[in-house]
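Below is one structure, written out as structure tokens; comments come after it.
In what follows, every heavy atom counts, from backbone to side chain, and hydrogens, waters and symmetry copies are set aside. Just so we're on the same page: letters track the sequence lines, and every chain starts at 1.
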Amino acid sequence: MDEREILGKLNEEQKKAVLAAEGPVLILAGAGSGKTRVLVHRIAYLVDVIGVMPGNILAITFTNKAADEMRSRVDKMIGFGSQEIWVSTFHSLCVRILRRYGELLGYTRYFSIYDTDDQLSLMKSIFKEKQVDTRYMKERAVLGRISSAKDELVSPKKYALLNRDFYGEKVAELYEAYQRKLLENNAMDFDDLLMNAVELFESHPEVLGIYQERFLYLMVDEYQDTNTAQFRFLSLLAGRTHNLCVVGDDDQSIYKFRGANIRNILGFEEIYPGAVVVKLEQNYRSTKNILDAANEVIRNNRGRKAKRLWTNEEEGEKIHFRRFLNGFEEAEFVCGEIASEVRAGRRAYRDFAVLYRTNAQSRLFEEKMLLANLPYRIVGGVNFYSRREIKDILAYLKTVDNAADDLQVQRIINVPRRGIGGSTVGKISGYAEAGGISFFEAACEVEKVPGVSAAAAKKVTSFTDQIGVLRARAEVGSISDLIKQLLEMTGYVEELKKEDTEEAKARIENIDELISKAVQYETKESSPTLSGFLEEVALIADIDAVEETDDRVLLMTLHAAKGLEFPAVYMSGMEDGLFPSRIALDSETPAEEIEEERRLCYVGITRAREVLTLTFASERMVRGEVVRNEISRFVKEIPRELVDMGERTNAQGRKMDLSGRGADAALRSAILSEPGKPAFGRTFEMPEASRRTRGTVKNEYSNPYKKVSSPRDTGEKKPPEFAVGDSVRHVKFGVGEVREIKDGGKDYLVTVDFPTWGVKKMYASFAKLKPV
DNA sequence: TATATAGTGTTTTTT
DNA sequence: ACACTATATA
């Protein structure tokens with residue numbers, strides 16, 4: 001392509017960004033302003049006009065999905081030689097570097113990557129060892145501190161110097177122990193990938209030099225989300241040439257909690273004097289109304305670079321605002337509207353996204369989607385790779401790949417049951433500690449471990465033998481074969497089959513899916529390795545798995561939606577206390593936190609191309625308690641003339657007032673429920689097809705109108721709605737007869753006689769007993 | 001050693 | 001509401 005072709009379809013600002021080939025460049029790209037387009041064109045310009053070797057260009061993104069998209073667009077535009085261009089996420093780039101040079105830091109090239117579950121188990125073992133009282137200190141809290149420290153490149157030693165109070169000293173000690181264990185296990189957590197890469201560069205200038213020579217032109221997407229470690233990583237790489245082009249939007253910085261440092265983008269010009277700054281303010285995505293709403297909301301933030309998005313688009317529909325009495329109705333409305341739009345042929349399911357602040361909100365939508373038979377996909381929540389059966393199998397694979405990883409070995413030594421208990425594991429562990437060897441090595445010579453009976457030793461040996469066989473197999477066979485072999489050898493699937501429950505069935509299906517993922521990996525990769533497969537699995541993000549081709553409604557958090565766009569978007573739970581979150585409102589620096597929430601709101605609004613609907617529920621169940629909230633302040637920041645406040649017709653075809661008076665609550669609930677049935681007392685079965693992707697779901701709604709007072713929240717307790725002799729229903733035991741009701745302190749203790757289960761004692765509200 | 005049950009804690013957002 | 005842990009018991 002020549003220069004004219006490359007620049008042809010770009011606007012003036014976009015051209016400016018593409019033409020600034022050398023030196024530091026800051027592209028402030030508003031939502032929907034075509035930043036990926038600019039990046040791709042800029043790469044084409046570098047290669048085809050300036051004559052840069054493709055292999056000297058590096059483009060960094062945050063998610064695999066973004067990397068894949070950029071890769072395919074670059075390939076399409078450049079053609080020959082484009083394969084040489086590096087397009088990678090921060091994390092996978094660091095892994096590549098560390099696999100190659102990690103030995104300089106004491107890791108082998110087979111190091112494991114720990115996810116949050118692994119981190120937690122490791123920290124738990126440290127707590128146990130150091131006898132930390134979990135009443136005063138929580139594993140997760142400590143891990144949080146450590147993670148923040150790593151984001152800021154603070155080593156355990158430095159942490160100890162910076163934190164001299166009692167708690168800080170303890171965290172420093174645990175941080176130190178944690179890092180030592182990771183190294184012993186030949187493992188790194190997510191944050192280590194970056195921190196260690198930086199450490200490698202700083203302690204080994206010759207290694208840094210190699211990469212500085214390779215990556216002569218750097219481009220970084222979503223720059224506003226970079227943390228201190230990522231910033232340092234970039235400045236080191238670009239240290240020689242300063243050819244660093246960053247693209248971001250300070251208004252879309254929503255990852256402060258993960259260490260993102262907004263100063264990286266706000267202060268870019270100070271750090272790189274003479275940087276070319278380009279502002280992309282023309283939006284090509286949304287209607288004028290949607291854009292105006294977004295502008296008006298974000299205008300309320302103080303710490304931001306001045307800008308205002310504009311568009312040549314039509315005004316379009318007004319922003320819809322709908323209010324409901326509770327989350328159930330909210331979900332019902334959203335599902336109903338989607339169903340009728342699709343049925344009328346106006347839109348496909350994939351045109352819709354339902355966004356929410358917290359993952360917990362997804363449940364209501366999921367239930368209603370199932371009832372309404374709408375195809376949907378939930379992004380995030382319980383990750384496929386964090387399911388127990390998947391983690392078990394991966395632990396086997398990791399043991400085969402990296403036997404130094406004690407955590408994985410200990411996870412599977414008794415899975416499936418081999419009769420090896422905690423005490424035997426403890427003895428082997430102590431022996432390993434004393435001898436300075438890994439747990440697995442100790443297990444291999446279990447007969448030398450004091451205190452282990454011959455019978456127990458035999459069981460341990462049969463386990464280590466199995467791993468030995470698998471290891472030999474891994475040398476010659478494929479990964480999918482290896483998985484099949486280990487399943488057969490250990491009888492893992494056999495056990496599940498014997499269980500013969502729906503849950504076990506779902507687990508077997510998940511295992512099959514893992515096998516096909518292994519096959520996929522092996523066909524895709526030119527030189528597949530076990531480490532490579534495990535790495536891909538470890539670094540996958542929920543959003544990466546979303547396929548645009550299948551026609552489903554997408555449900556996800558506002559965070560997960562960043563970078564995506566949809567013709568029609570629902571932003572649900574527009575309530576003060578939920579969005580902005582209670583935690584933000586009650587924090588020590590509410591002003592700052594609310595600004596972050598507002599940016600999140602801005603991100604949500606700007607996902608919509610044509611229709612944006614904001615929904616509000618005045619009551620909502622939060623952790624088993626009914627909570628009432630006011631309309632989100634963000635809604636009020638949208639000018640009234642841009643908003644349609646909505647009317648809704650009831651079952652009788654009468655217009656219902658949704659403008660705010662709650663007096664008709666009883667009326668509405670009466671209308672919505674069928675005669676003789678409670679409004680939401682239905683039970684439902686999950687359709688077979690969705691079981692696999694979401695696991696099992698509990699089979700009953702709770703009544704949204706019932707005020708639940710949990711035994712712990714107040715001293716008050718509600719008398720049971722039944723008396724001795726009445727029939728009651730229990731979720732698991734079915735219908736039974738009440739024999740006795742006693743005051744059990746915080747709650748009523750009820751004795752019930754179930755025909756098939758016998759006499760059971762239980763707390764009334766805890767057991768959710770309902771009169772029949 | 002394995003299992004059932006009572007008790008406790010949690011959740012805002014995640015590469 | 002739900003998951004996880006500690007404890008009791010077989």
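- Residue A/Glu596 is classed as having no contact, given no heavy-atom separation below 4.0 Å to the nucleic acid.
- Here B/dT11 presents its P atom at 18 Å from CZ of A/Arg582, a figure rounded to the nearest Å.
- Looking at heavy-atom distances under 4.0 Å, A/Lys562 makes no contact with the nucleic acid at all.
- When the C1' atom of B/dT11 is taken as reference, atom CZ of A/Arg620 falls 15 Å away, rounded to whole Å.
- For A/Ser147, the side-chain hydrogen bond (donor to acceptor under 3.5 Å, both in side chains) test picks out A/Asp191, with sequence neighbours left out.
- For the pair A/Arg140 and A/Thr63, both in contact range of DNA chain B, the more 5′-proximal nearest nucleotide belongs to A/Arg140.
- For A/Asn359, a side-chain nitrogen or oxygen approaches OP1 or OP2 of B/dT14 to under 4.0 Å.
- A donor-acceptor contact under 3.5 Å is formed by the side chain of A/His91 with the base of B/dT15.
- Protein atom CG of A/Leu555 is 17 Å distant from nucleotide atom C1' of B/dT13, rounded to whole Å.
- Straight-line distance from the CG atom of A/Leu539 to the C1' atom of B/dT14: 13 Å, rounded to whole Å.
- Distance NZ (A/Lys391) to P (C/dC4): 12 Å, rounded to an integer number of Å.
- With B/dT14, C/dA1, B/dT15 as the choices, the nucleotide that has an atom nearest any side-chain atom of A/Ala560 turns out to be B/dT14.
- Across B/dT3, B/dT15, B/dT13, the shortest atom-to-atom separation from the side chain of A/Arg417 is found for B/dT3.
- In this structure, A/Lys138 atom NZ and B/dT8 atom P are separated by 12 Å, rounded to whole Å.
- Contact annotation for A/Phe257: base contact, defined as any heavy-atom pair under 4.0 Å involving a base atom.
- In this pair, A/His91 and A/Phe190 present their aromatic rings perpendicular. The plane angle is above 60°, beyond the 30 to 60° band.
- As judged by a 4.0 angstrom heavy-atom cut-off over every strand, A/Asn414 is placed among residues touching the sugar-phosphate backbone only.
- Other residues, nucleotides and ligands contribute only 12 or fewer heavy atoms inside 6.0 Å of the CD atom of A/Glu630.
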Evaluation steps, side chain to side chain donor-acceptor pair (under 3.5 Å), between A/Gln119 and A/Tyr178 = CA-CA 9 Å; A/Gln119 290 179 278; A/Tyr178 176 73; 3.1 Å; yes
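- For A/Lys124, the side-chain atoms get nearest to C/dT5 when compared with the rest of C/dT5, B/dT15, B/dT13.
- Nearest nucleotide to the A/Ser423 side chain, out of B/dA2, B/dT1, B/dT15: B/dT1.
- Within 6.0 Å of NZ on A/Lys458 lie no more than 12 heavy atoms contributed by other residues, nucleotides or ligands.
- Only the C1' atoms considered, C/dA6 is 23 Å distant from B/dT11, to the nearest whole Å.
- A/Lys256 comes within 4.0 angstrom of nothing in the nucleic acid, heavy atoms only.
- Look at CE on A/Met137: it is 17 Å from P on B/dG9, rounded to the nearest Å.
- Of the listed residues (A/Arg582, A/Arg357, A/Arg620), just one forms a salt bridge (Lys or Arg N to Asp or Glu O under 4.0 Å) with A/Glu575, and that residue is A/Arg620.
- No contact: A/Thr116 has no heavy atom under 4.0 Å from any strand.
- The distance from atom CG of A/Asn227 to atom C1' of B/dT15 is 10 Å, rounded to the nearest whole Å.
- B/dT13 and C/dC4 have their C1' atoms separated by 22 Å, given to the nearest Å.
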